[in-house]
Chemist: 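Handing you this structure, nothing more for now.
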Amino acid sequence: MAPEPAAGRAPHPAELALLQRTVGNAAVTRRLQRQESPAVREEARRHAADPTAHGEWGTFRDTMAEVGFPRDVTDIAWQLVLGGIAEQGQLNDEAAAKFTERQEQRDHRASNSWYQELVKVIGDYLEIDTPTLALWSGGREVSDYARAKGHTPLEATPFGGVVDKLTLTSDWMLKTPMWNVLSKAFVSRARGPVHIFLRAYDPDSVLIAQEVPQLRVVMALNPAVRLIWHPTYAAADGKLMEVTDSLELASDASYLTRDKCVQVLYDYLRLVHDPANTHSRRAHAEMSARLAANGNPQ
């Protein structure tokens, strides 16, 4: 177990030794020497240099203990999370300067060695507590819906649930790559059917561009892994339902292919969606914009 430093002082040598054993001397040096100019990046650097000074350290420590994490895992995971946030700014800048393709930029941002090491430390705590794993797109309520249906999304795993409750940094671009790294490790653990809930379809989303391709790799090695697609729609009362092939809303409607799921979802949004339904206005607007961009205006 790493010693717990008092807030406001430099890291104890024993803490740095623990971190050096995990991520190497070069990473520790970068952690201590990096200088960022924007206020948020400077704050991230300070927190990486003194992890327990972060305002959410106590919440992280206590919540990790509540779900059964050993204290040494908690200590090192926290250092890796904050080190990754501090490192991410430079990677984001490099991604924008060096690459033009969205996926190449995403891959470079996700190359953050701190987040990669984090997965090695907490990988066993991304297990699911239901028979099936869930992925989703279209708003956090879709994740909650998938969970209520008996599937486990990343946010409901032991570690995902802890981090999901934290702000960590006000700049979401510094922490989104961490979730991308975690999601890749999460889907790699699939051992059976994976349920995918779509409220909106974006071929450039992490779900479609990263998670599903990763699942295809897993499927090639394990025939038990298969994808089950659910087109979801928020009714006028805000309740999420699923779209049947006859364009009706039901408590369950699933398809074996992405194309069929997207077709049903788009048909419902085009032909049945009520413009007065504010709960699905965004999904309808995104669908309309995508069709228009592809030369198929409504």
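Below, each value reflects all heavy atoms present in this structure, side chains not excepted, and no hydrogens, waters or symmetry copies. Quick caveat: nothing in here was measured; it's all calculated off a predicted structure.
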Chemist: Regarding Q90 and E94, is there a side-chain donor-to-acceptor distance under 3.5 Å anywhere?
Modeler: yes

Chemist: Before giving the answer on side chain to side chain contact (heavy atoms under 4.5 Å, CB included), spell out for R270 and L291 the whole-Å C-alpha distance, their side-chain angles and the decisive distance to 0.1 Å.
Modeler: CA-CA 10 Å; R270 285 191 309 111; L291 288 178; 3.6 Å; yes

Chemist: Can you tell me how far the CD1 atom of I208 sits from the CG atom of D204, to the nearest 0.5 Å?
Modeler: 10.5 Å

Chemist: Determine whether the side chains of S183 and Q210 contain a donor N or O and an acceptor N or O closer than 3.5 Å.
Modeler: yes

Chemist: Would you say E286's side chain and A200's backbone share a donor-acceptor pair under 3.5 angstrom?
Modeler: no

Chemist: Would you say the side-chain atoms of K120 pair up with the backbone N or O of Q116, donor to acceptor, closer than 3.5 Å?
Modeler: no

Chemist: State plainly whether one hydrophobic cluster holds both V218 and I228, where clusters connect Ile, Leu, Val, Met, Phe, Trp and Tyr through side-chain heavy atoms under 4.5 angstrom apart.
Modeler: no

Chemist: About how many Å separate NE2 of H230 and CD1 of I196, when rounded to the nearest 0.5 Å?
Modeler: 9.0 Å

Chemist: Can you see which heavy atom on P51 is nearest to which on Q79, and at what distance?
Modeler: CG-CG, 3.8 Å

Chemist: Does a donor on one side chain and an acceptor on the other come within less than 3.5 Å for H151 and T132?
Modeler: yes

Chemist: Heavy-atom count check: over 12 atoms from other residues, nucleotides or ligands less than 6.0 Å from K149 NZ?
Modeler: yes

Chemist: First locate atom CD1 of I76, then atom CZ of F69, and finally report the distance between them rounded to the nearest 0.5 Å.
Modeler: 14.0 Å

Chemist: Are the side chains of V212 and R258 in contact, using a 4.5 Å heavy-atom criterion?
Modeler: no

Chemist: Treating Ile, Leu, Val, Met, Phe, Trp and Tyr as nodes and any side-chain heavy-atom pair under 4.5 angstrom as an edge, say whether L166 and V81 lie in one connected cluster.
Modeler: yes

Chemist: Just by distance, with hydrogens left out, do Q105 and R102 show a side-chain donor and acceptor under 3.5 Å apart?
Modeler: no

Chemist: So, taking the atom named CZ in R45 and the one named CG in L82, what distance separates them when rounded to the nearest 0.5 Å?
Modeler: 13.0 Å

Chemist: Take D107 and Q103, measure what side chain to side chain donor-acceptor pair (under 3.5 Å) needs, and give me the verdict at the end.
Modeler: CA-CA 6 Å; D107 290 342; Q103 189 57 45; 2.8 Å; yes

Chemist: Below 4.5 Å, heavy atoms only, C-beta onward: do T167 and K175 meet side chain to side chain?
Modeler: yes

Chemist: May I ask you to test the R290-D202 pair for a side-chain heavy-atom distance under 4.5 Å?
Modeler: yes

Chemist: Side chain to side chain contact (heavy atoms under 4.5 Å, CB included), that's the test. Do R199 and L240 meet it? Break it down for me.
Modeler: CA-CA 9 Å; R199 187 177 173 187; L240 284 178; 4.2 Å; yes

Chemist: Test of understanding: with salt bridge (charged side-chain N to carboxylate O under 4.0 Å, His left out), list the residues that count as partners of D164, not counting sequence neighbours.
Modeler: R140

Chemist: Would you say the side chain of R226 lies within less than 4.5 Å of the side chain of L256, judging by non-hydrogen atoms?
Modeler: yes

Chemist: Do you see a donor-acceptor pair shorter than 3.5 Å between the side chains of Y201 and Q263?
Modeler: no

Chemist: Just how far is it from atom OG1 of T244 to atom OH of Y268, taken to the nearest 0.5 Å?
Modeler: 9.0 Å

Chemist: A quick test of your reading: do over 12 heavy atoms of other residues, nucleotides or ligands sit less than 6.0 Å from CZ of R189?
Modeler: yes

Chemist: Looking just at side-chain N and O atoms, do Q214 and S188 make a donor-acceptor pair shorter than 3.5 Å?
Modeler: yes

Chemist: Is there a donor-acceptor contact under 3.5 Å linking the side chains of E155 and S143?
Modeler: yes

Chemist: E104: what forms a salt bridge (charged side-chain N to carboxylate O under 4.0 Å, His left out) with it, not counting sequence neighbours?
Modeler: none

Chemist: Does the side chain of N112 pick up a donor-acceptor pair with the side chain of Q88 at under 3.5 Å?
Modeler: yes

Chemist: Do Y115 side-chain atoms and I85 backbone N/O form a donor-acceptor pair below 3.5 Å?
Modeler: yes

Chemist: Under the side chain to side chain contact (heavy atoms under 4.5 Å, CB included) test against L135, which residue among V206, L207, L198 passes?
Modeler: L207

Chemist: Can the ring centres of H54 and W78 be said to be less than 6.0 Å apart?
Modeler: yes

Chemist: Between M287 and L265, is there a side-chain heavy-atom distance shorter than 4.5 Å?
Modeler: no

Chemist: Between K260 and D245, is the closest basic N to carboxylate O distance under 4.0 Å?
Modeler: yes

Chemist: Quick one: pull up CD in E66 and CZ in R61 and give me the separation to the nearest 0.5 Å.
Modeler: 11.0 Å

Chemist: Restricting to non-hydrogen atoms, name the atom on A48 and the atom on A86 that form the minimum distance, rounded to 0.1 Å.
Modeler: CB-CB, 3.7 Å

Chemist: Please check if the number of heavy atoms outside R282 that lie under 6.0 Å from its CZ is greater than 12.
Modeler: no

Chemist: Can any side-chain N or O of N92 pair as donor or acceptor with the backbone N or O of M173 at less than 3.5 Å?
Modeler: yes

Chemist: Are M219 and V217 grouped together when hydrophobic residues (ILVMFWY) are joined by side-chain heavy atoms under 4.5 angstrom apart?
Modeler: no

Chemist: For R147, check salt bridge (charged side-chain N to carboxylate O under 4.0 Å, His left out) against everything at least two apart and list the hits.
Modeler: D129

Chemist: Just to verify, which of V162, T152, V67 counts as forming a side chain to side chain contact (heavy atoms under 4.5 Å, CB included) with T157?
Modeler: T152

Chemist: Flag the pair W229 / T257 as yes when at least one side-chain heavy-atom distance between them is below 4.5 Å, and no otherwise.
Modeler: no

Chemist: Please find the pair of heavy atoms, one from V225 and one from V194, that lie closest to each other, and give the distance.
Modeler: CG1-CG2, 4.3 Å

Chemist: Given F60 and T74, is the side chain to side chain contact (heavy atoms under 4.5 Å, CB included) satisfied, shown in steps?
Modeler: CA-CA 8 Å; F60 180 82; T74 295; 3.7 Å; yes

Chemist: Going by an N to O cut-off under 4.0 Å, is there a salt bridge joining R71 and D75?
Modeler: yes

Chemist: Treating E242 as the side-chain partner and F197 as the backbone partner, does any N or O pair qualify as donor plus acceptor under 3.5 Å?
Modeler: no

Chemist: What's the verdict on side chain to side chain contact (heavy atoms under 4.5 Å, CB included) for L215 and L227, showing C-alpha distance, side-chain angles and the deciding distance?
Modeler: CA-CA 8 Å; L215 279 171; L227 309 186; 3.6 Å; yes

Chemist: Side-chain heavy atoms nearer than 4.5 Å, only ILVMFWY residues, links allowed to pass through others: does that put V187 and V163 together?
Modeler: yes

Chemist: Using every non-hydrogen atom in the two residues, find where L126 and A185 come nearest and quote the distance to one decimal.
Modeler: CD1-CB, 3.9 Å

Chemist: Give me the atom names and distance for the closest heavy-atom approach of A77 to F159.
Modeler: CB-CE1, 4.3 Å

Chemist: Looking at G89 and R41, what are the two nearest heavy atoms and their distance?
Modeler: O-NH2, 3.3 Å

Chemist: Please answer: with hydrophobic residues joined when any side-chain heavy atoms are less than 4.5 Å apart, are M241 and V142 in the same cluster?
Modeler: no

Chemist: Would you say H273 and Y233 are linked by a side-chain donor-acceptor pair, where the criterion is simply a distance under 3.5 Å?
Modeler: yes

